[in-house]
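Some notes on the structure that comes next.
Whatever order the structure lists them in is the order used to number ligands and atoms, beginning at 1.
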Amino acid sequence: KCTVVKDGYCPVDKSSSCSDSAFLNPRYLFYDVNPSEGFNLRRDVFMRLAVFMHKFAKKHNEWKLVLPPWNHLYHWKSDFKQDHLPWRHFFDVDSMKEFAPVIDLDEVPEEPSEVDLVYSLQHFENAFTTKKWDWSDRFEIKPCNGTFSKYREVGSGYLASLWGSLFQSKDVKCVSFQGRASLLEELLDDDAHIRIVIDRAEVALHDSFGDKLYWECRRSMRFAQRLVSEANAFRQSYLNSTDDLDGTRIPARWQDQKGIVRKVKGGLYICAHLRRGDFLYGRKNEVPTLESAADQLITVLVEQNLKTVFLCTDGDEADKLKLKLLLTGYTVVTYEPTSAELNSFKDGGVAIIDQIICSQARYFIGSHESTFSFRIQEEREIRGFPVEHTFNRFCGLNEKCEQPSKWEIVF
Ligand SMILES: C[C@@H]1O[C@H](OP(=O)(O)OP(=O)(O)OC[C@H]2O[C@@H](n3cnc4c(=O)[nH]c(N)nc43)[C@H](O)[C@@H]2O)[C@@H](O)[C@H](O)[C@@H]1O
């Protein structure tokens, strides 16, 4: 049954009777991210590791990258618990497996409560304060800085909280780390352990941001089909938008997409991603007042000769109502799940549905330095929108406003 050794590894789900030593003696690379990071930065951290695994697995096909379950994130405001969600709740993990050997935690045989070793990444001390900065890629096992308090010595090992569960680790090593994720290869090469955790994985950087491999990995991150279906049904019902009408259809398999022609029109609406929440104080100069946001939207609507805005925001009901009033004469559409739908999709799924609807709009305007907006821009790049219809953002009232960098897709 182990049919494929394409690109040097067998996709794990097709491998049950493979006699390859990789399947007889699998090794698992777990990872975790600083708990305060949001959903869309976590997706970016995943990509850094997935690109690394894509290359590493060609030489060491016994390794699988284990996707850390999603635990209730700070931004998930619904009051029901949203813990231990596997990646397949949000993403098409089978599609992701076609890029790199990744598995959800519950696919690890005998889900472990014990790992062999945690490498906890940390920045070099004074890395950002000394004037003489050493830019070279490097790492060094060092005494642990603040993050070490996360690990408690118990008996001959350690107890650690990883992705919201308690784990025992035989050992913990802190690694001052500076550079690309592929530097991890040197750490793993010298190691004979079976279950290794890379904690604070966000410290590792992209091997190469925005190159062909980056985009292959990004294209493989298709959303879970039920979220796509829900977004598509909503588009059809409330925005008269379908892939065929809008010309936004892409091949069913990401591997079959060979390029884009930047002629895609999209649905007859603009999408506004208006980040509020913690941005109201964290990015207060760049967040527009609602009056200013409405003015900026009217300018775009007139320019694009459109009458409809799909509003996607983490603002509250009062914000949405006020914006609707400020846009009287235009139609403002929002995706409002029933409580049963919210319970089923969860806050993260609803956010993805918002993102999917935005990725199909004729024109997109997002929020300054929001990774939520960045991921929408990437989806639109995959569909082939003209760049000027994608890389736009709201400006703060008194800000010297620069538009976002144009990170164009590469095949
Ligand atoms: C500055 C940093 O910005 C980072 O936010 P930023 O990149 O926008 O993007 P995220 O890291 O994804 O965090 C924002 C979260 O807020 C919710 N959210 C934001 N906008 C929308 C929306 O339009 N629709 C829906 N349904 N949900 C939204 C959603 O849960 C999303 O994952 C933060 O994660 C960090 O904590 C920090 O504040």
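- Remark: ligand 1 atoms within the under-4.0 Å shell around heavy atoms of Trp76 are 30 (O).
- Inclusion of Glu37 in the set of residues having an N or O under 3.5 Å from an N or O of ligand 1 is not warranted.
- At least one heavy atom of Asp354 sits less than 4.0 Å from an atom of ligand 1.
- Counting only residues at least two apart or in different chains, disulfide bond (SG atoms under 2.5 Å apart) contacts with residues 183-285 comprise Cys271-Cys358.
- For atom 22 (C) of ligand 1, the choice among Asp44, Thr313, Val350, Leu274 with the nearest heavy atom turns out to be Thr313.
- Assignment of Phe279 to the shell around ligand 1 is supported, since a heavy atom sits closer than 4.0 Å.
- Looking from atom 35 (C) of ligand 1 to the surrounding protein, the closest heavy atom is His75 CE1, 3.9 Å.
- Ranked by closest heavy atom to atom 20 (N) of ligand 1, the top entry among Arg42, Arg43, His273 is His273.
- Applying the side-chain hydrogen bond (donor to acceptor under 3.5 Å, both in side chains) test to Asp246 and every residue at least two apart in sequence or in another chain returns Arg235, Ser241.
- Note: an N/O pair closer than 3.5 Å links Ser370 and ligand 1 by distance alone.
- Of the possible donor and acceptor atoms, one in the side chain of Gln178 sits under 3.5 Å from a partner among the backbone N and O of Ser136.
- Heavy-atom proximity to Asp314, at under 4.0 Å, picks out these atoms of ligand 1: 18 (N), 19 (C), 20 (N), 21 (C), 22 (C), 23 (O), 28 (C).
- What sits closest to atom 32 (O) of ligand 1 on the protein, heavy atoms only, is Phe39 CB, 3.5 Å.
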